[in-house]
Trainee: 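To start, I am sharing the structure in question, which I have written as structure tokens.
When reading the values below, keep in mind they use all heavy atoms of this one structure, side chains included, and skip hydrogens, waters and symmetry mates. Here the structure is a predicted model, which means the values were calculated and not measured.
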Amino acid sequence: MEVKSRAPGKIILSGEHAVVHGSTAVASSIDLYTYVSLRFSAPSSSDNEELLKLVLKDTALEFSWPISRIREAFPESVALLASTPTSCSVECSKSIAALVEHLNIPEAKIGLASGVSAFLWLYSSIQGFKPATVVINSELPLGSGLGSSAAFCVALAAALLAVTDSVSVDVSQQGWHSFGEKELDLVNKWAFEGEKIIHGKPSGIDNTVSAYGNIISFKSGKLTQMKSNVSLKMLITNTKVGRNTKALVAGVSERMLRHPDAMAFVFSAVDSISKELTTALQSPIPDSLPALSVTQIEEKVEELMEMNQGLLQSMGVSHTTIETVLRTTLKYKLASKLTGAGGGGCVLTLLPTLLSSNVVDKVIAELESNGFQCFIAGIGGNGVEISFEHSS
């Protein structure tokens, strides 16, 4: 049997940076996914060494470890943790580092090492020392602020947990289906442990959006889940410019120290935008004239995005490439804003329901002529899902 899982990426619709200073922020899942396939190996009857294999299809890399080597690296107690999400200890971190060190990851892709480390911890903790092949592929660009590492951890935890006694799932179901609330909570907690290995001190927002899907508002550490009543589509433009999130966050804090009164007004305005956005997204759509209602909601979201972008510019987190995207989309009367840390990364552009596909094609062509990468994604969809394929 092969277990498959998929977990969505995320965008910040409103409130980035200001959330650090007490404002409300709003995040949403997007229907771009990271996929995980798990297939256990049959017990070896020959002298062949049993292996744990990790295949990263997007980067054309494949890693493997003898199960005996995995067993030596971790205490037996590690393999009994499936129902109890646990942080990686200092001792286990050292063992994992030794396992990763031997892989000779190309220098250009050394950033993948933390993801491989998270994989080893999650696999050994949830599945123990079973030989298997795990294949990963993703529609999410790495390091662009779309939650690729969280989607990886969520999808991996889901696939691994789906074949344990810690969750209750019907393996005979056909197609993609979701976990129950209790199972989702366990998946999310394990994914957060993986995120901690990758990022050190993650907020937990990315993995929560990826696990549960839909839309989440968050303020001062409190997360509130909600469901959008309108299906919005976004053009996501990846500027391909890497950004230093810590430096950008520090820059906003320094500006706050220099201009405390002005920045307090900026953060208060962002808070108001986030609250108004959540109200708009949850507006009921009447059966009569539904298209008109959707158009009204889209127009409100466009205005809120434009205002939020202006406030982000006043925080000093824009970038020349972001401004290029804004100018390009404005020519077509489309509203855009950066998403995430800024300083590069990705830009969101709302694609209204009544916008012609011809205009969308022109916008994408112009953006791609600048060397940018474009995706179209729906927002607020399902979280992590699993499916089972039985060999005939």
Trainee: Would you mind checking if Glu366 and Arg327 are paired as a salt bridge, meaning a charged N to carboxylate O distance below 4.0 Å?
Mentor: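 No salt bridge links Arg327 with Glu366.
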Trainee: For the pair Ser68 (side chain) and Pro66 (backbone), establish whether a donor and an acceptor sit closer than 3.5 Å, ignoring hydrogens and angles.
Mentor: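 It does not hold such a pair.
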Trainee: For Lys94, enumerate each residue passing the side-chain contact (heavy atoms from CB on, under 4.5 Å) test, keeping only those at least two apart in sequence or located in another chain.
Mentor: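 Residues passing side-chain contact (heavy atoms from CB on, under 4.5 Å) with Lys94: Val90.
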Trainee: Between Lys233 and Ile376, which heavy-atom pair has the shortest distance, and what is it?
Mentor: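 That closest heavy-atom pairing would be CD-CG2, 4.0 Å.
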Trainee: If Ile, Leu, Val, Met, Phe, Trp and Tyr residues are connected whenever their side-chain heavy atoms lie under 4.5 Å apart, and connections chain through other members, are Ile110 and Ile136 in the same group?
Mentor: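 Ile110 clusters together with Ile136.
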Trainee: Just by distance, with hydrogens left out, do Ser149 and His199 show a side-chain donor and acceptor under 3.5 Å apart?
Mentor: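 Yes, side-chain donor-acceptor contact under 3.5 Å.
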Trainee: What residues form a side-chain contact (heavy atoms from CB on, under 4.5 Å) with Ala73, not counting sequence neighbours?
Mentor: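 With neighbours one apart ignored, the set is Ser95, Leu99.
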Trainee: Got a donor-acceptor contact below 3.5 angstrom from the Tyr33 side chain to the Ala151 backbone?
Mentor: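 No; judged by distance alone, with no hydrogens or angles, the pair does not exist.
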Trainee: Output side-chain donor-acceptor pairs under 3.5 Å for residues 270-277, partner residues at least two apart or in another chain, one line each.
Mentor:
residue	atom	partner	partner atom	Å
Asp271	OD1	Thr24	N	2.7
Asp271	OD1	Thr24	OG1	2.6
Asp271	OD2	Lys275	NZ	3.0
Ser272	OG	Ser268	O	3.3
Ser274	OG	Ser14	OG	2.8
Ser274	OG	Thr24	O	2.7
Ser274	OG	Val270	O	3.3

Trainee: Has the side chain of Ser148 got a donor or acceptor atom that lies under 3.5 Å from a matching backbone atom of Leu142?
Mentor: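 Checking the backbone N and O of Leu142 against the side chain of Ser148, no donor-acceptor pair under 3.5 Å is found.
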Trainee: Residues in side-chain contact (heavy atoms from CB on, under 4.5 Å) with Lys109, at least two apart?
Mentor: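 Lys109 satisfies side-chain contact (heavy atoms from CB on, under 4.5 Å) with Thr59, Leu61, Ile105, Leu112 only.
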Trainee: Would you find a donor on one side and an acceptor on the other, under 3.5 Å apart, between the side chain of Ser28 and the backbone of Gly380?
Mentor: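 Yes: the side chain of Ser28 pairs with the backbone of Gly380.
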Trainee: Taking all non-hydrogen atoms of both residues into account, name the closest pair between Ile198 and Cys153 and its distance.
Mentor: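 In terms of heavy atoms, the two residues are closest at CD1-SG, 3.7 Å.
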Trainee: Which atom pair, heavy atoms only, marks the closest approach of Ala191 to Val154?
Mentor: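 Of all heavy-atom pairs spanning Ala191 and Val154, the closest is CB-CG2, 3.5 Å.
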Trainee: State, yes or no, whether a side-chain contact exists between Ser138 and Phe152 at a heavy-atom distance under 4.5 Å.
Mentor: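 No, their side chains stay 4.5 Å or more apart.
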Trainee: Heavy-atom count check: over 12 atoms from other residues, nucleotides or ligands less than 6.0 Å from Tyr332 OH?
Mentor: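 Check passes, neighbour count above 12.
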Trainee: Decide yes or no for Trp65 and Leu54: does some side-chain heavy atom of the first lie under 4.5 Å from some side-chain heavy atom of the second?
Mentor: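 Yes, at least one pair of side-chain atoms sits under 4.5 Å.
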Trainee: Is there a chain of hydrophobic side chains (I, L, V, M, F, W, Y, each step under 4.5 Å between heavy atoms) that links Val169 to Trp176?
Mentor: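 No, no single cluster joins them.
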Trainee: Which value, rounded to the nearest 0.5 Å, describes the distance between Arg39 atom CZ and Lys4 atom NZ?
Mentor: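 Rounded to the nearest 0.5 Å, the CZ-NZ separation comes to 8.5 Å.
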Trainee: Report yes or no: do Ser318 and Glu323 form a side-chain donor-acceptor pair below 3.5 Å?
Mentor: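 Checked: Ser318/Glu323 side chains pair up, N/O donor to acceptor below 3.5 Å.
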Trainee: Start with the C-alpha gap between Glu2 and Ser37, add the side-chain angles, then the distance that decides, and say whether side-chain hydrogen bond (donor to acceptor under 3.5 Å, both in side chains) holds.
Mentor: CA-CA 7 Å; Glu2 182 180 8; Ser37 161; 2.4 Å; yes
Trainee: Going from NZ on Lys240 to CG on Asn370, what distance comes out if it is rounded to the nearest 0.5 angstrom?
Mentor: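 Reported to 0.5 Å precision, the distance equals 11.5 Å.
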Trainee: So Glu91 and Phe74, do their side chains get closer than 4.5 Å, heavy atoms only?
Mentor: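 Answer no - side chains too far apart.
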Trainee: To check you understand the geometry: which heavy-atom pair defines the closest contact between Ala27 and Ile205, and what is its length?
Mentor: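 Of all heavy-atom pairs spanning Ala27 and Ile205, the closest is CB-CG2, 4.3 Å.
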Trainee: Do the side chain of Thr239 and the main chain of Ile322 share a donor and acceptor less than 3.5 angstrom apart?
Mentor: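 It does not hold such a pair.
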Trainee: Glu139 and side-chain contact (heavy atoms from CB on, under 4.5 Å): which partner among Thr34, Ile30, Leu32?
Mentor: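 In the set Thr34, Ile30, Leu32, the residue that makes a side-chain contact (heavy atoms from CB on, under 4.5 Å) with Glu139 is Leu32.
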Trainee: Has Ser5 got a side-chain atom pairing as donor or acceptor with Glu385's backbone, closer than 3.5 angstrom?
Mentor: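 Between the backbone of Glu385 and the side chain of Ser5 there is no qualifying donor-acceptor contact (under 3.5 Å).
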Trainee: Within the 4.5 Å heavy-atom criterion, are Leu52 and Gln127 side-chain neighbours or not?
Mentor: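 Not in contact.
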Trainee: Under 4.5 Å between side-chain heavy atoms, hopping through other hydrophobics if needed: is there a path connecting Ile126 to Val187?
Mentor: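 Yes; tracing contacts between hydrophobic side chains, which count when under 4.5 Å, links both residues.
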Trainee: What's the shortest heavy-atom distance between Ala280 and Ile297, and which atoms?
Mentor: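 Shortest heavy-atom separation between Ala280 and Ile297 comes out as O-CG2, 3.7 Å.
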Trainee: Restricting to pairs with a member in residues 243-259, which pass side-chain hydrogen bond (donor to acceptor under 3.5 Å, both in side chains), not counting sequence neighbours?
Mentor: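 Found none.
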Trainee: Enumerate, atom names and distances included, each donor-acceptor pair closer than 3.5 Å involving a side-chain atom of residues 342-362, sequence neighbours excluded.
Mentor:
residue	atom	partner	partner atom	Å
Thr349	OG1	Ser336	OG	2.7
Thr353	OG1	Glu298	OE2	2.5
Ser356	OG	Val359	N	3.2

Trainee: Enumerate the salt bridge (charged side-chain N to carboxylate O under 4.0 Å, His left out) contacts for residues 110-119, please, sequence neighbours excluded, ordered by first and then second residue.
Mentor: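 Every candidate salt bridge (charged side-chain N to carboxylate O under 4.0 Å, His left out) pair involving residues 110-119 fails, so no pair, neighbours aside, qualifies.
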Trainee: Give every residue pair that meets the side-chain hydrogen bond (donor to acceptor under 3.5 Å, both in side chains) criterion with at least one member in residues 338-347, sequence neighbours excluded.
Mentor: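 Pairs touching residues 338-347 that pass the test: none.
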Trainee: Is there a path of hydrophobic side-chain contacts, each under 4.5 Å between heavy atoms, that joins Val167 and Leu38?
Mentor: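 Val167 and Leu38: one cluster.
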Trainee: Hey, any chance Ile11 and Val209 share a hydrophobic cluster, counting ILVMFWY side chains that come within less than 4.5 Å of each other, even indirectly?
Mentor: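 No.
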Trainee: Answer yes or no: is there a side-chain heavy-atom contact under 4.5 Å between Trp190 and Ser125?
Mentor: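 In contact.
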Trainee: If the plane angle is over 60° it's perpendicular, under 30° parallel, otherwise tilted; pick one for Phe267 and His21.
Mentor: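 Aromatic pair Phe267/His21 classed parallel.
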Trainee: Got Leu338 and Glu16 here, is their nearest side-chain heavy-atom distance under 4.5 Å?
Mentor: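 Heavy-atom side-chain distance check passes, below 4.5 Å.
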Trainee: Crowded around Lys219 NZ? As in, over 12 foreign heavy atoms under 6.0 Å?
Mentor: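 Counting neighbours around NZ of Lys219, more than 12 heavy atoms of other residues, nucleotides or ligands fall under 6.0 Å, so yes.
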Trainee: Do Leu304 and Lys300 come close enough that some side-chain heavy atom pair is under 4.5 Å?
Mentor: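 Counting from C-beta outward, Leu304 and Lys300 do come under 4.5 Å.
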Trainee: Determine whether a donor-acceptor pair (N or O, by modelled atom type, separation under 3.5 Å) exists between the side chain of Thr329 and the backbone of Leu326.
Mentor: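 Checking the backbone N and O of Leu326 against the side chain of Thr329, a donor-acceptor pair under 3.5 Å is found.
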Trainee: Ignoring hydrogens and geometry, is there a side-chain-to-backbone donor-acceptor pair from Asp31 to Gly378 under 3.5 Å?
Mentor: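 Present.
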Trainee: With ILVMFWY side chains joined below 4.5 Å, transitively, what does Val135's cluster contain besides itself?
Mentor: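 So far as hydrophobic clustering goes, Val135 is joined with Val55.
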Trainee: Donor-acceptor pair, distance only, cut-off 3.5 Å: does the side chain of Lys10 make one with the backbone of Gly145?
Mentor: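 Such a contact is found between Lys10 side chain and Gly145 backbone.
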Trainee: Hey, does Val241 have a side-chain heavy atom less than 4.5 Å from the side chain of Phe372?
Mentor: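 The answer is no; the side chains never approach within 4.5 Å.
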Trainee: Quick one: list whatever passes salt bridge (Lys or Arg N to Asp or Glu O under 4.0 Å) with Glu302, sequence neighbours left out.
Mentor: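 For Glu302 there are no salt bridge (Lys or Arg N to Asp or Glu O under 4.0 Å) partners, ignoring immediate neighbours.
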Trainee: Could you pull out all donor-acceptor pairs under 3.5 Å where a side-chain atom in residues 220-228 meets a protein atom, sequence neighbours excluded?
Mentor:
residue	atom	partner	partner atom	Å
Lys227	NZ	Asn214	OD1	3.4
Ser228	OG	Val230	N	3.2
Ser228	OG	Val230	O	2.8
Ser228	OG	Leu281	O	3.4

Trainee: Please check: side-chain N/O of His177 versus main-chain N/O of Ser387, any donor-acceptor pairing under 3.5 Å?
Mentor: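 No; judged by distance alone, with no hydrogens or angles, the pair does not exist.
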Trainee: Go through Leu56 and Phe63 one step at a time and tell me if the side chain to side chain contact (heavy atoms under 4.5 Å, CB included) criterion holds.
Mentor: CA-CA 8 Å; Leu56 304 177; Phe63 307 117; 3.9 Å; yes
Trainee: Where is the tightest heavy-atom contact between Asn188 and Ala211, given as atom of each residue plus distance?
Mentor: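 So the minimum-distance heavy-atom pair works out to OD1-CB, 3.8 Å.
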Trainee: Report the residues that fulfil side-chain contact (heavy atoms from CB on, under 4.5 Å) with Phe192, sequence neighbours left out, ordered by chain and then residue number.
Mentor: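 Listed in chain order: Lys196, Pro202, Asn207.
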